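Inspection log for the structure reproduced underneath, given as structure tokens.
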Amino acid sequence: MPNKQKQDPKTSAQELLEKCNIHSFPVPIEKIAKFLGAQIRFSPLDKELSGMVYIKDGMPIIGVNALHHPNRQRFTIAHEIAHIVLHKEKLSEEVHVDKQFPILMRDHLASTGTDQTEMEANDFAANLLVPRETLEKALKDMTTDIDDDKPLDDLAKKFRVSRQMLEYRIRNLPQETKKPKN
């Protein structure tokens, strides 16, 4: 059996953006799903259920809670795309159902999470919707103090993500750009 190398979520997200020739924001997440051959289906689901992904007749199907905010739906689609890209072998075995993603709520939860698959999918989704280079450029172009609420709210609207998710990405930028010590 071939030894499959584990994919880095950040690198995989960046590679997918490049394959889809996406260099601006907001990232057209539904276009990416279509590029991967996935169908997106919106349905009212249990309040705690954000989405799911499964393979039917060789086609990935992404189910999204139609009752959630559009920004939440975008994150859910990106999260399920992560499962298609990073964990496809698991999808053939079962329907992958995702509840709310608390990992993006606080750094503490991200560091103590126990489900590696979900943590990878969240990391991929965050990097897909708010790519590091695009975020760094947007922050550099800001003309007001980042500590003010309005500029962050405006930037979150431009990326079509929640402010909470944008803050998560900003807090984690220094970790992404650290170079390993020799």
Side-chain angles (χ1 to χ4, degrees), residues 6-18 20 22-30 32-33 47-51 53 62 64-65 68-87 96 98-182:
K6 190 170 176 86
Q7 298 177 63
D8 174 61
K10 291 173 185 63
T11 304
S12 297
Q14 183 60 42
E15 289 172 355
L16 182 56
L17 288 168
E18 289 171 13
C20 293
I22 294 171
H23 304 286
S24 61
F25 61 91
V27 168
I29 199 66
E30 292 181 9
I32 294 172
K47 182 180 176 183
E48 293 179 11
L49 183 61
S50 295
V53 63
I62 297 173
V64 181
N65 193 334
H68 285 183
H69 188 279
N71 290 344
R72 177 78 221 161
Q73 292 172 351
R74 285 174 46 78
F75 187 85
T76 297
I77 294 166
H79 178 95
E80 302 306 344
I81 285 172
H83 289 307
I84 294 168
V85 171
L86 300 174
H87 313 120
H96 192 90
D98 287 310
K99 300 277 184 174
Q100 295 285 358
F101 312 117
I103 190 169
L104 291 180
M105 307 242 179
R106 286 185 294 201
D107 287 340
H108 174 71
L109 287 176
S111 65
T112 60
T114 57
D115 190 334
Q116 190 65 33
T117 301
E118 293 304 309
M119 289 172 29
E120 289 171 359
N122 285 338
D123 193 22
F124 179 100
N127 280 275
L128 190 66
L129 291 172
V130 185
R132 181 177 55 83
E133 292 83 11
T134 308
L135 177 57
E136 286 174 342
K137 182 182 180 330
L139 291 172
K140 188 187 290 186
D141 292 346
M142 288 177 79
T143 56
T144 57
D145 188 351
I146 195 167
D147 291 328
D148 293 339
D149 286 345
K150 183 158 177 24
L152 287 182
D153 290 339
D154 291 346
L155 193 54
K157 284 179 187 172
K158 287 181 182 177
F159 277 105
R160 291 186 53 210
V161 298
S162 69
R163 177 172 166 158
Q164 188 176 30
M165 207 278 269
L166 180 65
E167 289 173 345
Y168 168 85
R169 290 293 292 129
I170 291 170
R171 280 193 310 270
N172 287 288
L173 274 178
Q175 295 172 359
E176 290 177 24
T177 56
K178 284 182 185 174
K179 299 204 188 305
K181 293 182 181 179
N182 291 337

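Not measured: the values here are computed from a predicted model.
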Salt bridge (Lys or Arg N to Asp or Glu O under 4.0 Å) between Asp154 and Lys158, intermediate numbers included: CA-CA 6 Å; Asp154 291 346; Lys158 287 181 182 177; over 6 Å; no
Side chain to side chain donor-acceptor pair (under 3.5 Å) between Asn65 and Arg72, intermediate numbers included: CA-CA 9 Å; Asn65 193 334; Arg72 177 78 221 161; over 6 Å; no
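Considering NE2 of His23 and CD of Glu18, their distance stands at 7.0 Å, rounded to 0.5 Å. Between the CD atom in Gln164 and the CG atom in Leu152 there is a gap of 13.0 Å [rounded to 0.5 Å]. Atom CZ of Phe75 is separated from atom NE2 of His69 by 15.0 Å, given to the nearest 0.5 angstrom. Taking CZ of Phe124 as the start and CD of Gln14 as the end, the distance is 10.5 Å to the nearest 0.5 Å. The line from CG of Leu155 to CZ of Arg169 is 11.5 Å long, rounded to the nearest 0.5 Å. Interatomic distance, Leu16 CG to Ile32 CD1, rounded to the nearest 0.5 Å: 5.0 Å.
Under a 3.5 Å cut-off, the side chain of Gln7 and the backbone N or O of Val85 do form a donor-acceptor pair. Side chain of Arg171 to main chain of Leu166: no donor-acceptor pair is present (N/O by atom type, distance under 3.5 Å, no hydrogens or angles). Side-chain atoms of Gln73 come within 3.5 Å of backbone N or O of His68 as a donor-acceptor pair. In this structure, the side chain of Asp123 does not engage the main chain of Met119 through any donor-acceptor pair within 3.5 Å.
Of all the heavy atoms in Val27 and Leu129, the pair that sits closest is CG2-O, 3.8 Å. Among all heavy-atom pairs drawn from Thr76 and Ser50, the shortest one is CG2-O, 3.3 Å. Closest heavy-atom contact between Ser12 and Leu86: OG-CD2, 3.6 Å. What you find for His79 and Ala121 is that their closest heavy atoms are CE1-CB, 3.3 Å. In this structure, Ile81 and Ala33 approach most closely via the heavy-atom pair CD1-N, 3.8 Å. Shortest non-hydrogen contact noted between Leu17 and Asn127 is CD1-O, 4.2 Å.
Ring orientation note: the planes of His83 and His87 are tilted relative to one another, at an angle of 30° to 60°.
Ion pairing between Lys157 and Asp153 fails under the 4.0 Å rule for side-chain N and carboxylate O. Note on Arg132 versus Glu136: salt bridge recorded, some NZ/NE/NH1/NH2 to OD/OE distance being below 4.0 Å.
Side-chain atoms of Phe159 and Thr134, non-hydrogen and from C-beta on, do get closer than 4.5 Å to each other.
With sequence neighbours excluded, the residues forming a salt bridge (Lys or Arg N to Asp or Glu O under 4.0 Å) with Glu167 are Arg163, listed by chain and number. Residues that satisfy the side-chain hydrogen bond (donor to acceptor under 3.5 Å, both in side chains) test with Glu30, not counting sequence neighbours, are absent from this structure.
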